[in-house]
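Sequence lines set the chain letters: A, B, ... in the order given, protein chains first and strands last, and positions in each chain run from 1. Here the structure is a predicted model, which means the values were calculated and not measured.
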Amino acid sequence: GRLRELRLHGFKTFADPTRFVFEPGINAVIGPNGSGKSNMADAVRWVLGEQSNRSLRTRRGDDVIFTGSQQRRPQGMAEAILTLDNFDGWLPIDFGEVSIGRRAYRSGESEYLINGAPARLRDVVELLAGGRLGANELVVVGQGTVDAALSLRPEERRQLFEEAA
Amino acid sequence: GRLRELRLHGFKTFADPTRFVFEPGINAVIGPNGSGKSNMADAVRWVLGEQSNRSLRTRRGDDVIFTGSQQRRPQGMAEAILTLDNFDGWLPIDFGEVSIGRRAYRSGESEYLINGAPARLRDVVELLAGGRLGANELVVVGQGTVDAALSLRPEERRQLFEEAA
Amino acid sequence: IGERFHTAFAAIGRRFNEYCRLLFAGGSASLRVSDGTDGEAPGGIEIVVQPPGKRLQRLSMLSGGERALTGVALLFSMLSVNPVPFCILDEVDAALDEANIGRFAEALRTLSAQIDFVVITHNRATIEVADTIYGVTMTDAAVSRVLSLRLADVPVGATA
Amino acid sequence: IGERFHTAFAAIGRRFNEYCRLLFAGGSASLRVSDGTDGEAPGGIEIVVQPPGKRLQRLSMLSGGERALTGVALLFSMLSVNPVPFCILDEVDAALDEANIGRFAEALRTLSAQIDFVVITHNRATIEVADTIYGVTMTDAAVSRVLSLRLADVPVGATA
Ligand SMILES: Nc1ncnc2c1ncn2[C@@H]1O[C@H](COP(=O)(O)OP(=O)(O)OP(=O)(O)O)[C@@H](O)[C@H]1O
Ligand SMILES: Nc1ncnc2c1ncn2[C@@H]1O[C@H](COP(=O)(O)OP(=O)(O)OP(=O)(O)O)[C@@H](O)[C@H]1O
Ligand SMILES: [Mg+2]
Ligand SMILES: [Mg+2]
């Protein structure tokens with residue numbers, strides 16, 4: 001499968017280094033309310049370059065950093081690394097395995113990494129667009145949004161189609 | 001219990017005369033998607049005087065009338081009658097049992113009935129307000145709206161409270 | 001008028017804290033009237049919720065289920081302070097996990113002593129606290145039909 | 001550019017009709033570009049859905065589950081015409097009844113031959129078509145933790 005792994009550390013409720021290893025086909029994710037399932041989906045959006053606070057359920061860039069709990073102290077950085085299998089060159093880059101990383105600091109800055117090397121947001125966006133990962137609305141369908149297209153005005157829906165198709 | 005019965009005829013998917021007889025306590029309503037459960041909830045809102053098309057999922061007043069199906073012809077009138085037990089005089093009217101009725105016609109007009117006798121909308125509203133049935137948002141909690149108060153601005157929430165409390 | 005609002009508001013606020021602690025099995029919650037000092041327009045109502053073990057955060061960061069549970073707590077608080085004669089709930093438990101549905105069903109049962117509820121639901125735990133069950137189905141002619149059911153008639157699938 | 005859009009749009013429209021018929025077990029559906037004649041701004045995209053046995057009506061009159069099913073059909077149509085490498089679905093099946101979840105799960109399984117899916121769900125029927133299952137839980141310290149699960153580990157309650 002093209003989706004290999006997601007590593008999180010300090011991203012929302014994922015205070016400790018956590019790894020999701022994905023298999024081809026269907027990976028089900030289950031768990032109680034508030035346990036972190038949608039936070040994981042947010043992390044995928046975020047590492048793919050999402051800039052909209054609304055889509056991430058945040059109000060400022062550094063809201064994605066673990067703010068602490070009653071037993072744990074806040075952290076200073078959030079990190080997400082998505083590893084993809086580029087076996088058939090579906091991503092326009094000369095590597096068999098590609099990792100895309102993003103870090104956020106309390107100061108508000110975000111850093112991007114491609115295969116561990118510093119990159120600019122536009123490099124990430126360009127790389128992903130080449131692999132059809134630019135259309136964020138098709139790649140991550142957020143909780144409560146599956147029927148969003150039905151509430152849009154026809155012109156707004158047209159816009160959505162032009163991005164997706 | 002105060003809530004006795006709801007009779008529907010021609011209201012949305014309730015093309016045939018249908019009766020819900022309610023018992024005190026908890027009445028669960030179950031069934032497949034699109035079978036008519038929320039339509040029943042809409043009927044309660046509607047018979048209590050709801051005027052907002054948005055709350056009723058309609059665009060015009062006569063959208064509540066059964067529009068027909070592949071096997072059945074459209075109807076010309078929608079009717080809902082809510083029967084309440086007024087045993088302790090919680091409704092300011094001198095009857096032990098009170099029925100509130102509403103009819104809609106293709107022409108767009110609505111008729112109201114209290115105990116089978118023609119009434120004006122304001123009579124119904126006054127009667128219901130006296131029985132604490134004026135605050136429609138507390139009496140019928142629509143599908144997908146239970147967390148609506150969380151998305152409102154604080155001033156809008158204040159307005160909601162003043163109506164409810 | 002302002003007096004009556006503030007008395008009711010204080011009572012609802014107390015119940016809101018109790019209901020959140022009951023439904024979340026811990027944590028804390030409160031309702032506040034903005035006094036204008038924190039940059040918010042004065043007089044608005046702030047909702048503050050802290051699930052058990054977590055730190056206080058923006059309302060927008062709550063999960064789908066946590067938001068639904070908070071909404072239920074607010075509704076039940078208002079109903080218990082200023083009861084209505086009956087209340088129709090349309091799938092308010094849709095986003096809740098098993099543990100939260102159980103606590104919701106219990107709180108609902110207690111409130112049902114003074115308020116008649118009509119609860120549209122797909123969840124078994126909610127159906128199990130019902131005194132009466134109605135099934136609504138669609139006939140082949142695409143017309144709604146209602147039947148009286150007993151708990152034994154309710155299909156055993158993942159959702160009812 | 002306009003050419004490419006219209007080719008893709010026609011293909012997506014065909015798949016949308018097929019997916020709606022599959023997921024609703026009948027009925028019909030289509031996508032149309034408004035030509036401006038029906039009072040709508042020209043160029044907008046209209047969604048037309050008619051569940052089995054019903055008459056064509058406004059989109060706003062569809063039920064919660066019918067809306068979700070239509071949204072899934074539209075998503076699957078776009079994915080099958082212009083596949084993405086992977087797709088995260090967060091509780092898209094929340095409003096579906098048992099029969100619809102079953103059809104959704106089957107359609108998902110077929111699509112998963114070409115697209116890797118991560119499906120966040122509370123529904124057993126959806127979990128049952130998964131190749132891998134992850135459980136996310138909250139520790140006492142209110143930190144997320146992930147564990148690999150097998151179908152046998154999934155709790156048997158009304159919702160998983
Ligand atoms: N930066 C952060 N630091 C700590 N906790 C956070 C942070 N951002 C969000 N949270 C917490 O994450 C929780 C929400 O997690 P999430 O939305 O992933 O839940 P979920 O598993 O999807 O639940 P549901 O089944 O209810 O949808 C909230 O309790 C919220 O307070
Ligand atoms: N005036 C009308 N005439 C005929 N059918 C109508 C009318 N108004 C709405 N409908 C139909 O009613 C159906 C929706 O019913 P309803 O919202 O009650 O479903 P539901 O049982 O609540 O389902 P869900 O579990 O998905 O929420 C739609 O298929 C819609 O087309
Ligand atoms: Mg979630
Ligand atoms: Mg409904």
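- Of the atoms belonging to C:Leu59, it is side-chain heavy atoms, and not backbone ones, that fall under 4.5 Å from chain B.
- Among the residues in residues 48-70 of chain B, those with a non-hydrogen atom closer than 4.5 angstrom to a non-hydrogen atom of chain C are B:Leu48, B:Phe66, B:Ser69.
- Put simply, the side chain of C:Arg67 reaches to within 4.5 Å of the side chain of B:Ser151, judged on heavy atoms.
- Highest contact tally toward chain C, considering only B:Gly36, B:Gly1, B:Gly25, is held by B:Gly25 [criterion: heavy-atom pairs under 4.5 Å].
- In this structure, a donor-acceptor pair under 3.5 Å is absent between the side chains of C:Arg145 and B:Ser35.
- To the nearest 0.5 Å, atoms CZ (B:Phe161) and CZ (C:Phe5) are separated by 7.0 Å.
- Of the atoms belonging to C:Glu46, heavy atoms from both backbone and side chain fall under 4.5 Å from chain B.
- Summarising the geometry of C:Ile45 relative to B:Arg158, their closest heavy-atom pair is CD1-CA, 3.6 Å, with the distance given to 0.1 Å.
- Within the 4.5 angstrom heavy-atom criterion, no atom of C:Val49 approaches chain B.
- Here ring pair (Phe, Tyr, Trp, His ring centres under 6.0 Å) pairs that include residues 33-52 of chain B, with residues two or more places apart or in two chains, are B:Phe11-B:Trp46.
- Contacts between B:Val44 and chain C at a heavy-atom distance below 4.5 Å involve the side chain alone, from C-beta outward.
- Summarising the local packing, CZ of B:Arg73 is surrounded by 12 or fewer heavy atoms from other residues, nucleotides or ligands at distances under 6.0 Å.
- There is no contact between C:Pro42 and chain B, counting heavy-atom distances below 4.5 Å.
- Nearest heavy atoms, C:Tyr134 versus B:Phe20: OH-C, 4.0 Å.
- For a residue to count as touching a neighbouring chain, one of its non-hydrogen atoms must lie under 4.5 Å from one of that chain's; by this rule C:Leu149 touches chain B with the side chain only.
- To the nearest 0.5 Å, the span separating CE on C:Met138 from OG1 on B:Thr13 amounts to 4.5 Å.
- Within a 6.0 Å radius of CZ in B:Arg19, no more than 12 heavy atoms belonging to other residues, nucleotides or ligands are found.
- The shortest non-hydrogen separation linking B:Glu23 to C:Asp116 is O-OD1, 4.4 Å.
- B:Arg72 CZ: more than 12 foreign heavy atoms inside a 6.0 Å radius.
- Within the 4.5 Å cutoff, the side chain of C:Val136 has no heavy atoms near those of the B:Ile30 side chain.
- At least one side-chain heavy atom of C:Met78 sits less than 4.5 Å from a side-chain heavy atom of B:Leu138.
- Between chain C and the options B:Leu133, B:Val139, B:Val140, the largest number of non-hydrogen pairs under 4.5 Å is found for B:Val139.
- The most heavy-atom pairs under 4.5 Å with chain B, out of C:Ala94, C:Ser148, C:Pro83, come from C:Pro83.
- For CG of C:Asp35, the number of neighbouring non-hydrogen atoms (other residues, nucleotides, ligands) closer than 6.0 Å is greater than 12.
- Here the options are C:Ile120, C:Thr132, C:Asp131, C:Val119, the test is side chain to side chain contact (heavy atoms under 4.5 Å, CB included), and the partner is B:Asn27; only C:Thr132 passes.
- The residue among C:Val81, C:Leu108, C:Leu31 with the most heavy atom pairs within less than 4.5 Å of chain B is C:Leu108.
- For the pair B:Phe14 and C:Val146, the minimum side-chain heavy-atom distance is below 4.5 Å.
- Annotation: C:Asp140, atom CG; neighbour count of heavy atoms from other residues, nucleotides and ligands within 6.0 Å does not exceed 12.
- No donor-acceptor distance shorter than 3.5 angstrom exists from the side chain of B:Arg2 to the backbone of C:Pro85, with no hydrogens or angles considered.
- B:Asp147 approaches C:Ala68 most closely through the heavy-atom pair CB-N, 4.4 Å.
- For the residue pair B:Arg132 and C:Val84, the shortest heavy atom distance occurs at O-CG1, 3.6 Å.
- In the displayed structure, B:Tyr105 atom OH is contacted under 6.0 Å by more than 12 heavy atoms of other residues, nucleotides or ligands.
- Taking B:Asn39, B:Val21, B:Leu152 one by one and counting their heavy-atom pairs under 4.5 Å with chain C, the maximum is reached by B:Val21.
- By the 4.5 Å heavy-atom criterion applied to side chains, C:Val118 and B:Met40 are counted as neighbours.
- Among C:Gly71, C:Ala130, C:Ser144, the residue making the largest number of heavy-atom pairs under 4.5 Å with chain B is C:Ser144.
- Contact annotation for C:Leu89: both backbone and side-chain heavy atoms come within less than 4.5 Å of a heavy atom of chain B.
- The part of B:Leu82 that comes within reach of chain C is its side chain, from C-beta onward, which places non-hydrogen atoms under 4.5 angstrom from that chain.
- With a threshold of 4.5 angstrom between heavy atoms, C:Leu69 does not approach chain B through any atom at all.
- Per-residue counts of heavy-atom pairs under 4.5 Å with chain B were compared for C:Ala11, C:Ala142, C:Ala141; the largest is that of C:Ala141.
- B:Ile26 and C:Ser112 make their closest contact through CG1-CB, 3.6 Å (heavy atoms, listed as atom of the first residue, atom of the second, distance).
- Within the 4.5 angstrom heavy-atom criterion, only side-chain atoms of B:Leu84, from C-beta onward, approach chain C.
- In this structure, the portion of B:Thr18 lying under 4.5 Å from any heavy atom of chain C is its side chain and not its backbone.
- Atoms OG and CD, from C:Ser34 and B:Glu155 in turn, are 7.5 Å apart once rounded to the nearest 0.5 Å.
- Using a 4.5 Å cut-off between heavy atoms, B:Thr145 does not touch chain C at all.
- C:Val129 touches chain B through backbone and side chain together, each having a heavy atom under 4.5 Å away.
- B:Arg157 places no side-chain N or O within donor-acceptor distance of the main-chain N or O of C:Gly44, the cut-off being under 3.5 Å.
- Rounding to the nearest 0.5 Å places CG of B:Asp42 at 11.0 Å from CD1 of C:Ile88.
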